[in-house]
There are 2 protein chains.
Amino acid sequence: MSLKHAILVQLETEPSSGYDLLQHFKSGLGYFWNAKHQQIYQQLKTLSEQKLISLSLEKQKGRPDKKTYQITKLGTEELKHWLTNPVKPHKINDALLVKVYGGHLIDQENLQNELMLHKKTHKKILQDLLNMERTFLESPPQTQEKYKLPYLTLRRGILGEQAWLTWAKEALEMLKK
Amino acid sequence: MSLKHAILVQLETEPSSGYDLLQHFKSGLGYFWNAKHQQIYQQLKTLSEQKLISLSLEKQKGRPDKKTYQITKLGTEELKHWLTNPVKPHKINDALLVKVYGGHLIDQENLQNELMLHKKTHKKILQDLLNMERTFLESPPQTQEKYKLPYLTLRRGILGEQAWLTWAKEALEMLKK
DNA sequence: CCTCCCATGTAAGCCGTTACATGATTGC
DNA sequence: GCAATCATGTAACGGCTTACATGGGAGG
């Protein structure tokens, strides 16, 4: 629903190609918004038709032209409008918890293994986020001031992942009894 | 994607009508899986056609027949199969964080107000979850043993909401400077 | 009377996933 | 040579949301 706005936010920061956006969704932004390349390219097409973004072709040697999009005046307006109106609370649809809820139907060992698998992923994510935080905290004060809002989203990620890991520890202990 | 399985899990516990399921999605299960009535009724129809669930009509005085669904053998198999295979990690698509990320475009006050609004909602959810936990902890040991897996999902909710509130406090302090 | 809760549905449209497709460059 | 990364797309399908629709009972 707001992939649209996630793209506009990014383009407001700097003009990007579809591929660039994809990279952002894999790193920083990606912690709280996910999108695949197919969806991004389709959305860019739509946004372009709606005149919320515009396109420039950058010629590249040897490679096909790189399509760089930038936000238009209309796009900035739309973005500001969206930012000013409240968003609905985030909906959680977490299949793992459905599984835990109904886990009495399968081996406890099986359940534990799956939890441990997810734990690995979450540990990795936390490490990545902590690394980003370290980089941020080592940057000069004016950089920190400039990126303080993205930093807040990073903090959300860190606190969220830590809470997840605390839960997993608790859950595994309980399952092992 | 696994509304299907969320429904099967619930029906495995007890036969229910569409309306009953809706109530579960508004309370316990609802913390980690959301669905609207339209979606539930459609899904029940589909599952019924696939013979994963079956229907009995309960006659009621004065009211139209209540449609009660129960899980079939085939449904239980499908559920066990799903439970045994790993699920993909939960994807977060959180519009509020997109907003914070791009919040430099609007009033800081506006952003703070929205955060406070969400804080209220999360506080309410946490209170509800803590109440459910109290009820659980006051129940007899055999009940606790029986519902230990759903209790784990409750714990996930509590830890998650507490982490959210910790973050919000931190964020609001930072924004006020 | 009016609103909330019980109780169930159809239909259109949007959003997102999966599968299919192409082709160049870089590093091992 | 082969895999990974850069770089962009189309098409089909499935899931979810929004709007529309109906009708009885309970309580203030």
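Residue numbers start from 1 in every chain, and the chains themselves are labelled A, B, ... in the order their sequence lines are given, proteins ahead of strands.
Regarding B:I7, its CD1 atom lies at a distance of 13 Å from the C1' atom of D:dC16, rounded to whole Å. With rounding to whole Å, B:Y69 atom OH is found 10 Å from C:dG9 atom C1'. Across the protein-nucleic acid pair, A:L44 atom CG and D:dG9 atom P stand 8 Å apart, rounded to whole Å. Look at CG on B:D20: it is 7 Å from P on C:dA7, rounded to the nearest Å. In this structure, NZ of B:K45 is placed 15 Å from P of D:dG15, rounded to the nearest angstrom. If you take NE2 of A:H37 and P of D:dT5, they are 15 Å apart, rounded to a whole angstrom. One interatomic measurement links the two molecules: CD of A:Q38 to C1' of C:dA19, which rounds to 9 Å at whole-angstrom precision. Taking atom CG on A:L55 and atom C1' on D:dT8, their separation rounds to 12 Å, with Å as the unit.
Note on A:Q39: a side-chain N or O is less than 4.0 Å away from OP1 or OP2 of C:dT17. Taking 4.0 angstrom as the limit, B:Y41 places a side-chain polar atom (N or O) nearer than this to OP1 or OP2 of C:dT8. In terms of phosphate contacts, B:Y19 brings a side-chain nitrogen or oxygen within less than 4.0 Å of OP1 or OP2 of C:dC6. Between B:K4 and D:dG14, a side-chain N or O to OP1/OP2 separation shorter than 4.0 Å is absent. Remark: B:K88 is in phosphate contact with C:dT18, judged by side-chain N or O atoms under 4.0 Å from OP1 or OP2.
Residue-level contact check: B:Q43 touches neither bases nor backbone, having no heavy atom under 4.0 Å from any strand.
Here the rule is side-chain contact (heavy atoms from CB on, under 4.5 Å) with A:E114, and of A:Q112, A:M116, A:H118 only A:H118 fits it.
When the shell of 6.0 Å around NZ of B:K80 is examined, it contains 12 or fewer heavy atoms from other residues, nucleotides or ligands. When the shell of 6.0 Å around OH of B:Y147 is examined, it contains 12 or fewer heavy atoms from other residues, nucleotides or ligands.
The nearest heavy atom of DNA chain C to B:L22 and to A:K36 marks one nucleotide each, and the one closer to the 5' end goes with B:L22. Annotation: of the two residues near DNA chain D, A:Q42 and B:Q42, the 5′-most nearest-nucleotide partner is A:Q42.
In this structure, the separation between CD on A:Q10 and OH on B:Y101 is 4.5 Å, given to the nearest 0.5 Å.
Checking side-chain atoms of A:D20 against main-chain N and O of A:S17 turns up a donor-acceptor pair under 3.5 Å. At distances below 3.5 Å, not a single donor-acceptor pair connects side-chain atoms of B:N34 with backbone N or O atoms of A:N93.
The terminal axes of the helix from C:dC1-D:dG28 to C:dC28-D:dG1, fitted over 5 pairs per end, subtend an angle of 40° to the nearest 10°.
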Residues 152-161 of chain A side chain polar contacts: donor-acceptor under 3.5 Å, at least two apart:
from	atom 1	to	atom 2	distance (Å)
A:T153	OG1	A:P150	O	2.5
A:R155	NE	B:E170	OE2	2.5
A:R155	NH1	A:E133	OE2	3.0
A:R155	NH2	B:E170	OE1	3.1
A:E161	OE1	A:H122	ND1	2.5
A:E161	OE2	A:Y31	OH	3.2

